[in-house]
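Start at 1 and go down the list; that is how both ligands and their atoms are numbered.
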Amino acid sequence: MNNELTKVSKNRDYDLGFVPTMGALHRGHLELVKRASTENQSVVVSIFVNPNQFNNKEDLEKYPRTIENDIKVLENISNCIVFIPNKHEIYPDDDNFQSIDLQGMDTILEGKYRPGHFQGVVHVIHNFFKLIRPTRAYFGQKDFQQLAIIKKSTHIFNFPTHIITCKTVRDNSGLAKSSRNLRLSAAEKRDAVIIFKTLIFIKKNRKYCKTPKELKIQAMNFFLKGKLKLEYIEICESKSLEIVENQWAENMTASIAAYCGEVRLIDNMEI
Ligand code: PAF
């Protein structure tokens, strides 16, 4: 671990924020870092493309890497420490992580299409929290399933870290900021807006449908007018992530995963 980080994580008596990232930083990440920087005395931003959370080798290889630019951007934040570990620092030989039962939260929605992904996320966050012992850790709402799982696992592992939820940051078009957007052409970015439009469609049309299932079918028909290849549209209870079909729940989130060319995009919205 780098020296500065060792100093801040041992015998600490001040608040330390943590923003874990896989780099290719965009405005969404910067909002997390800025908030962490104002709410804590110092903030650690990690940049680590975690191989354990990729179920697809090509996706890992093609994940955008813009490390020099990332460092430059973070230099503007005075109380920020950039942590760029190697694989061995995060997964040492004496790694004592034990996987946990997420009671199905990791096998639905994204988990159905990306087997092992969330156990990989839980593992890396567990090891980061052990190293850094952050007071608060910041995550974007765009990965709402990841957020729900991190909240649950933080509780199971009994980490004292507060998990802070930050709003999804979007382009003016509505496209959610994502590192993967770097792989989209200008035309693909325009096509990808159908994801946001469909989420708005779902939110607006909820009141006209008898069941979530009916709404989902209408949303699929709307989505398919665009050019993307749909993987799923689901409506679920926001906290448990349980998919709702026949009955409305009090708090619901609609989520979409789709391919824009070769790039897999996800987004969600509370409805
Ligand atoms: O959301 C991400 O970028 C990653 O899943 C995270 C939280 C940095 C863990 O590798």
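Under a 4.0 Å criterion applied to the non-hydrogen atoms of V124, ligand 1 contributes the atoms 9 (C), 10 (O). Interface of P20 with ligand 1, defined as ligand atoms under 4.0 Å from a residue heavy atom, comprises 8 (C).
Using a 4.0 Å cut-off between charged side-chain N and carboxylate O, E110 and R264 make a salt bridge. The pair R180-D59 meets the salt-bridge criterion, since a charged nitrogen lies less than 4.0 angstrom from a carboxylate oxygen. Salt-bridge check for E31 with K177: failed, with every basic side-chain N at 4.0 Å or more from each acidic carboxylate O. Electrostatic pairing of K189 and D171 does not count as a salt bridge here, judged by no charged N lying under 4.0 Å from a carboxylate O.
Under 4.0 angstrom from ligand 1, the non-hydrogen atoms of T21 all belong to its backbone.
The N/O atoms of Q146, backbone and side chain alike, include one that comes under 3.5 Å of an N/O atom in ligand 1.
Across the listed options Q53, H123, K142, Q53 owns the non-hydrogen atom lying nearest to atom 4 (C) of ligand 1.
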- Task: For H29 and D70, run side-chain hydrogen bond (donor to acceptor under 3.5 Å, both in side chains): C-alpha distance rounded to whole Å, both residues' side-chain angles, the deciding distance at 0.1 Å, then the answer.
- Result: CA-CA 10 Å; H29 291 118; D70 294 348; over 6 Å; no

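Counting protein heavy atoms only, atom 3 (O) of ligand 1 is closest to M22 CG, 3.7 Å.
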